[in-house]
Protein chains: 2
Amino acid sequence: MTEVLPARSASRGPSMGDVAAHAGVSTQTVSRVANGLQNVEQGTRERVLASMRTLGYRPNKAARALRLGRFRNIGVIMFTLSSFGNMRTLDAIAVAAARAGYSITLVPVEHTTQSDVSVALARLIEQAVDGVVIVIEAHIVDKADVELPPGLPVVVIDSAERDDYPVIDTDQMQGARLATQHLLDLGHDTVWHVAGPETSYSASRREQAWRDTLVQAGRQVPDAVRGDWSTASGYAAGLDLSRVAGVTAVFAGNDQMALGALRAFHERGIDVPGDISVVGFDDMAEADSFWPPLTTIHQDFDVVGRRSIEILLAEIERGETTPGMVVAPTRLVVRSSTAAPRHVG
Amino acid sequence: MTEVLPARSASRGPSMGDVAAHAGVSTQTVSRVANGLQNVEQGTRERVLASMRTLGYRPNKAARALRLGRFRNIGVIMFTLSSFGNMRTLDAIAVAAARAGYSITLVPVEHTTQSDVSVALARLIEQAVDGVVIVIEAHIVDKADVELPPGLPVVVIDSAERDDYPVIDTDQMQGARLATQHLLDLGHDTVWHVAGPETSYSASRREQAWRDTLVQAGRQVPDAVRGDWSTASGYAAGLDLSRVAGVTAVFAGNDQMALGALRAFHERGIDVPGDISVVGFDDMAEADSFWPPLTTIHQDFDVVGRRSIEILLAEIERGETTPGMVVAPTRLVVRSSTAAPRHVG
DNA sequence: CGAGCAGATGTTGACGTAAACATTCCCTCG
DNA sequence: CGAGGGAATGTTTACGTCAACATCTGCTCG
């Protein structure tokens, strides 16, 4: 009964059948042991486990997925891993998924062109995932353009509400309002804005909330300076603003651009916050060490990542759909880059 | 012939069999069309493609993997996604893998404990990957402790050479030498060092090269100040150093700690680079916007990520092994945080 | 004009697993 | 003491795909 079969193939590892033959039981019993079912006698279980160890057995996930129709795998489509927020979000997603026993398949999108996006989606559509998280940053991906297979659970992390999939995001507008209001509360007449790129929904949300807050307070609304999230563009914007008379308060669309502006102001001999107050957005890990330490809006990327997985798993495992938009609140972190204007108007 | 079968199951998508029935051909022909083989008549091909579209067919990756014994999937084990370098490396890995037609399964390790590492490995060992890239940062993972299945191709990204797997990494020692020598060349008597955590191989490499360079130049070697990569620890180190008399040059183990030190020096009214010169390591995207813009060592994470995939795929696809350690060179980027000491000794 | 061949298409079986159903054995209880 | 039941274990089958082999058609060329 306990005869040893020779390894069948050099390239493939031992299967349940091999273990079964080695232990002198049926494959089904091996399967039961592998899955921790209780209806196996203690002695048998141990014999099987010993055989598994001896043969170096490891379960074949493909066969299991084929049999079960489930992969315990979630696809993540992301544009640019090299942004602070995305990487924090990805971290949170990966950890949350791992805790639920799911693995993450990462599909990078190199260029934000429609064709690249389609290619990325095509990869995932190869049905090796139970669900998909799409982290969008740009308008590029339109509902019409993206054809995801019907029935595949999807969650979108983005700032634009959509009617086809649940969306989750930081409350961009609340954050921008917080930032702008903070500067107004300090006594500034109005607030200038270094905006993110036009292609970004979150950039336009922040810009819109900044504008709304100023209008609501009855203040003059200066033209926004357009950046692209990079420190270089923030630096350019800072240089521009330093030539404008009467600028006392700047709300930058993210911390990187704020840092660039800070550098421009240093170079021009403008004191922050003495001459100009600066507020960022994101609260990246380094923000408290900028000079001066940056007042900014804290975004809770962990919450966004975690919630996205929760919503996705609810649909995958229990068929529950979460319609509409879920929003994670932000909070203002006051450090040393903001102060009352020197000559209160 | 072209009769339409009802969908068999609500939960599973259409299979090749369904497409075949719909198009009035055999499953094998559908398979040939799906794989782009040439020996299919034009008319047949179009009919099959039309059926695939109509039915919303997508290939089942699990079945394919089971059949072929290949997954076209690479596992990536990473400790902390929240470090600048790791993220850049991951980005490069993901892009390189995608170009080669492989997907990436990301396995995060929450805590750097042995048990957590084992769990992460166990996940991958579930044989859904053709190879594994391990990005290590700490000594924790010892050869003996980690039991990877034999025959599974592995590449390690780390600073410690090992005899079991190919290793690839930035040339830490060359970089640290570059940094230290740069400061000596400017005329500083010696160079202080803010080191990374003891658990990190790369930290000890950098520290060792810093020490060697000073010794070779016949300089006095001050005690290294220990940090943990964070800006907070760099700030604490900066505060410490600001109380030591005679400090004119500091080499920080990474840019974050350099930034923290910069902040400490600002607070204490110490001018950089007038009183003290500072060099970092990594060349993170923001380093050119620190105040002052940071002189640092540029690490080529893209190269490391790309090469690791090249090496891994060479082994997976062609059985070629790359023994020993592959090292990516660094380069010095001089900005404004370094200068000659005020009173040249 | 028929042997022979090339290209298109079909049939069979196996990859490793687990659900569904079948069998065996032993124990309990009327 | 035998029917009935439950636990352990075995047998069969299907998941979707593709390699290998089999078949069929039409055409070339001696």
- Message: To the closest 0.5 Å, what do you measure between CG (A:N73) and OG1 (A:T105)?
- Response: 3.5 Å
- Rounded distance [0.5 Å steps], CZ in A:R307 versus CD1 in A:I168: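 The CD1 atom of A:I168 is 5.5 Å from CZ of A:R307, to the nearest 0.5 Å.
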Choosing from [options], which nucleotide comes nearest the side chain of [X]?
X	options	answer
A:Y57	C:dT17, C:dA19, D:dA19	C:dT17
B:L66	D:dC18, D:dG16, C:dG10	D:dG16
A:L68	C:dA19, C:dG10, C:dT17	C:dA19

- Message: Between C:dG10 and B:R32, counting only base atoms on the nucleotide and side-chain atoms on the residue, is there a donor-acceptor pair under 3.5 Å?
- Response: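 Counting by modelled atom types and ignoring angles, a donor-acceptor contact under 3.5 Å is found here.
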- D:dA7 base to A:E41 side chain: any donor-acceptor pair below 3.5 Å?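 There is none.
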Return the value, rounded to whole Å, for the distance between atom [atom1] of [X] and atom [atom2] of [N].
X	N	atom1	atom2	value
B:L37	C:dT9	CG	P	12 Å
A:Q28	D:dA14	CD	C1'	13 Å
B:M16	C:dT12	CE	P	18 Å
A:F71	C:dT17	CZ	P	16 Å
A:R70	C:dA19	CZ	P	13 Å
A:R58	C:dT17	CZ	P	11 Å
A:Q38	D:dT9	CD	C1'	16 Å
B:R45	C:dA8	CZ	P	9 Å

Is any side-chain nitrogen or oxygen of [X] closer than 4.0 Å to OP1 or OP2 of [N]?
X	N	answer
B:T44	C:dT9	yes
A:R64	C:dG16	no
B:T29	C:dG10	yes
B:N39	C:dT9	no
A:R67	C:dA19	no
B:N60	D:dC15	no

- A:D302 with A:R88: basic N within carboxylate O range, under 4.0 Å: yes
- Message: Looking at every non-hydrogen atom in both residues, tell me the closest pair between A:I93 and A:S308 and how far apart they are.
- Response: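 Scanning both residues, the minimum pair turns out to be CG1-OG, 3.9 Å.
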- Query: Just checking, is any N or O donor in the side chain of A:N60 or A:R67 under 3.5 Å from an acceptor N or O on the other one?
  - Reply: no
